[in-house]
Protein chains: 2
Amino acid sequence: MATKRATISDVASLAGVSIATASKALNGRQDVRAATRERVLAAAAELSFQPNALARGLLSGQTRTVGLLTSDSVGRFGIPVLLGAENAFGAGEMAVLLCDARGDAIREQYHLRALLSRRVDGLIVVGESTNPRPSVSKDLPVPVVYAYGPSEDPDDVSFVPDDVGAAAMAVNHLLAMGRRRIAHVTGPTHYKAARDREEGLRLALAEAGLEQVGQTLSGPWSQRWGRHAAEMLLMSEPEIDAVFCGSDQVAAGFVETARERGRRVPDDIAVVGYDNWEVLSTETRPALTTVDMNLELLGRTAAQHLFAAIDGKATPGVHKMPCQLVIRDSTSPPGVS
Amino acid sequence: MATKRATISDVASLAGVSIATASKALNGRQDVRAATRERVLAAAAELSFQPNALARGLLSGQTRTVGLLTSDSVGRFGIPVLLGAENAFGAGEMAVLLCDARGDAIREQYHLRALLSRRVDGLIVVGESTNPRPSVSKDLPVPVVYAYGPSEDPDDVSFVPDDVGAAAMAVNHLLAMGRRRIAHVTGPTHYKAARDREEGLRLALAEAGLEQVGQTLSGPWSQRWGRHAAEMLLMSEPEIDAVFCGSDQVAAGFVETARERGRRVPDDIAVVGYDNWEVLSTETRPALTTVDMNLELLGRTAAQHLFAAIDGKATPGVHKMPCQLVIRDSTSPPGVS
DNA sequence: CTGAAAGCGCTTACAG
DNA sequence: CTGAAAGCGCTTACAG
């Protein structure tokens with residue numbers, strides 16, 4: 001804690017000029033004599049002058065601050081999106097006001113008011129899943145961009161991972177590795193992510209003229225479920241040569257059980273996960289080939305789009321962002337490719 | 001996006017009163033006639049009036065906003081601390097400005113300036129590890145509280161988990177379960193967390209008049225290292241009946257390899273982890289007994305302390321926050337206790 | 001009970 | 001090139 005903060009009038013009097021001149025000098029205006037400018041700058045430095053952003057914001061109507069409204073920061077998916085956004089903003093002069101509504105609509109309204117009264121220039125709403133969520137954008141005086149979880153309202157701007165495309169890409173990779181008998185284990189079907197990834201699988205198989213082996217097995221997004229599903233699948237469909245899993249947790253469980261049952265991964269069964277959650281995907285034996293949703297990029301893109309929207313140029317609709325397949329040993333043993 | 005925002009003078013003229021009266025009515029002052037107040041409130045509602053927090057802040061000198069400066073939000077530890085803080089603030093009227101410096105001192109200074117120019121009322125600095133970090137508090141016009149990673153300056157206020165105490169508690173639990181031949185596998189010694197947890201182990205063993213079995217094994221904080229350490233330890237010290245691991249990642253690897261080598265956990269070897277990172281601790285077989293550092297509580301406490309500091313009552317020093325032992329099957333098989 | 005006036009810290013036309 | 005004045009949206013003594 002230090003002494004009282006200097007204001008621009010302190011700087012002006014120390015430099016022996018008017019407040020107006022001090023302001024111009026500090027803001028790099030041209031119409032100030034060089035010598036005067038230097039005196040002002042020296043005074044500002046001596047007083048450790050920091051302009052008051054509140055006063056500026058009051059004048060300009062812009063705060064250079066955006067709100068980040070999340071439903072579930074604890075969630076694994078919100079965090080990277082948030083970081084990507086924070087990055088895009090931090091690089092400029094933007095600051096981020098973070099609010100976590102924890103899935104509670106009342107709390108969300110409450111935070112929304114708090115953000116608006118602080119006059120944020122815009123808002124990013126980060127979903128906890130890719131399930132569409134109610135719009136908050138109606139009658140809001142600032143632009144809003146949705147990230148990860150899209151808005152239900154097609155007039156809003158949303159950025160989501162292209163789960164269908166990524167799943168198809170993953171399955172095409174399995175096909176390229178020569179696999180033909182592919183099964184699918186995933187999460188609960190009330191997740192759009194689970195449904196989209198299954199659809200990607202279907203598209204890729206249909207295009208190759210193949211049938212999925214067995215039914216899609218749905219269960220919790222957990223390692224335990226992955227193990228259990230593996231037990232079932234190895235029993236009921238012993239001839240499978242690949243499994244596409246809806247998450248790394250599921251895949252980690254699958255790989256573990258396959259190993260215990262003496263099935264070699266990838267030689268006997270290739271396994272693909274989803275999420276590239278590294279604490280799992282790089283630590284299983286073998287490490288997992290998996291889809292990385294590039295969530296930081298998604299967050300950054302959403303933030304950049306928000307800038308554009310603040311400047312009046314928004315592109316409504318749901319924008320699907322490309323994902324990336326990270327190939328590791330669970331589909332492609334070392335030395336083989 | 002909607003129409004222009006209403007100001008208090010819009011409200012005043014719609015209600016047919018002066019700005020001063022409108023302000024008093026809106027702020028619940030007593031000295032306004034009930035009928036007048038109602039007219040003002042009605043006008044405010046009709047115009048969806050939201051007071052401009054910038055203008056208020058300029059007057060009062062308080063923004064009801066705090067800065068949260070993190071070094072590594074990606075890190076697993078910053079997040080819960082951040083959430084706990086966000087919670088404590090959100091419950092009141094505080095808002096949180098989030099900045100991630102990603103371990104870069106330059107960027108940290110930059111963010112610091114941005115936060116100060118926005119006139120935050122206070123600052124929480126969240127560390128990425130429990131290693132002490134340079135102070136940012138010198139000559140700052142607002143109070144600062146450090147969470148998880150303490151400041152190097154003892155005059156600052158820091159909140160950290162009590163790793164020494166928690167490790168001792170974990171080891172005492174093993175002793176209570178009748179274990180006497182306890183080994184230790186942990187992370188890199190340049191982490192204070194690794195050193196503190198080892199010290200806790202030492203204290204507990206010394207008090208019980210026991211010796212640690214074998215040397216402390218240090219390696220990366222990874223599951224892979226846990227497996228490797230298990231191979232070594234089961235070879236070199238086959239008589240161990242318990243292992244205290246410095247993290248859940250290490251413990252997960254240890255349990256896995258013990259299982260593969262035919263050692264029963266906990267019957268032959270009891271295992272304790274650290275962190276209660278649930279994706280690991282509840283999914284290993286058996287699930288891990290582990291230390292939960294109560295990081296959300298830590299964050300909340302830091303935030304509450306920041307409030308106190310803003311009101312002028314800070315308690316300097318490093319405050320050690322209690323952790324909690326979560327007992328699962330890796331030390332205490334079902335039905336046995 | 002109500003309102004005119006001053007002021008928070010800054011920027012921006014507008015005169016000089 | 002420099003400075004007096006108005007104003008951003010609000011609150012708070014202070015008169016009436």
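Residue numbers begin at 1 in each chain, while the letters A, B, ... track the order of the sequences.
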* From OG1 (Thr21(A)) to CG (Asp31(A)), nearest 0.5 Å -> 9.0 Å
* To do: Enumerate the residues from residues 39-62 of chain A whose closest heavy atom to DNA chain D is under 4.0 Å, giving them by residue number; use none for an empty result.
  => Leu58(A), Leu59(A)
* To do: Return the nearest nucleotide to the side chain of Arg33(A); candidates are dG3(C), dG3(D), dC1(D).
  => dC1(D)
* In dot-bracket form, how is DNA chain C paired, counting a Watson-Crick or G-U wobble pair only if both its distances are under 3.5 Å and using | for bases paired to another strand? -> |||.||||||||.|||
* Checking all strands, does Arg119(A) fall into the base, sugar-phosphate, or nothing category for heavy-atom contacts under 4.0 angstrom? -> nothing
* Under 4.0 Å between any heavy atoms, over every strand shown, what does Arg37(B) touch: base, sugar-phosphate, or nothing? Just pick one. => nothing
* Would you say the side-chain atoms of Thr65(B) and Arg118(B) include a donor-acceptor pair closer than 3.5 Å? -> no
* To do: Please tell me which of the listed nucleotides, dC10(C), dG3(D), dC1(C), lies nearest to the side chain of Lys24(A)?
  => dG3(D)
* Structure fact -> Arg118(B) CZ to dG9(C) C1', in whole Å, measures 16 Å
* **Working for side chain to side chain contact (heavy atoms under 4.5 Å, CB included), residues Val157(B) and Tyr146(B)** => CA-CA 6 Å; Val157(B) 183; Tyr146(B) 295 79; 5.8 Å; no
* To do: Could you tell me the separation between the CG atom of Asn27(A) and the P atom of dG9(C), rounded to a whole number of Å?
  => 17 Å
* Gln30(A) versus Arg37(A), closest heavy-atom pair with distance -> O-NH2, 4.0 Å
* **Passing option when Val125(B) is tested against Asp156(B), Val145(B), Val144(B) for side-chain contact (heavy atoms from CB on, under 4.5 Å)** => Val144(B)
* Asked: For Thr7(B), which contact category applies under a 4.0 Å heavy-atom criterion: base, sugar-phosphate, or nothing?
  -> sugar-phosphate
* Distance test, side-chain N/O of Thr36(A) to OP1/OP2 of dT2(D), below 4.0 Å -> yes
* Phosphate OP1/OP2 of dT2(C): any Arg29(B) side-chain N/O under 4.0 Å -> no
* Looking only at side-chain atoms of Ile19(B), point me to the closest of dT11(D), dG3(C), dT11(C). => dT11(D)
* Please name the pair of heavy atoms, one in Leu116(A) and one in Arg5(B), separated by the smallest distance, quoted to 0.1 Å. => O-NH1, 3.7 Å
* To do: Give the nucleotide from the list dA4(D), dT2(C), dA5(C) with an atom nearest to the side chain of Ser18(A).
  => dA4(D)
* If we only count heavy atoms from C-beta on, is the Gln50(B) to Arg119(A) side-chain gap below 4.5 Å? -> yes
* Ignoring the backbone of Ile8(B), work out which of dG3(D), dA4(C), dT11(D) is nearest its side chain. => dT11(D)
* **Plane angle bin for His305(B) and His319(B) - parallel if under 30°, tilted between 30 and 60°, otherwise perpendicular** => tilted
* Asked: Between Leu26(B) (CG) and dT11(D) (P), how many Å, whole number?
  -> 8 Å
* **Exercise: identify the closest heavy-atom pair between Pro316(A) and Pro154(A)** => CB-O, 4.2 Å
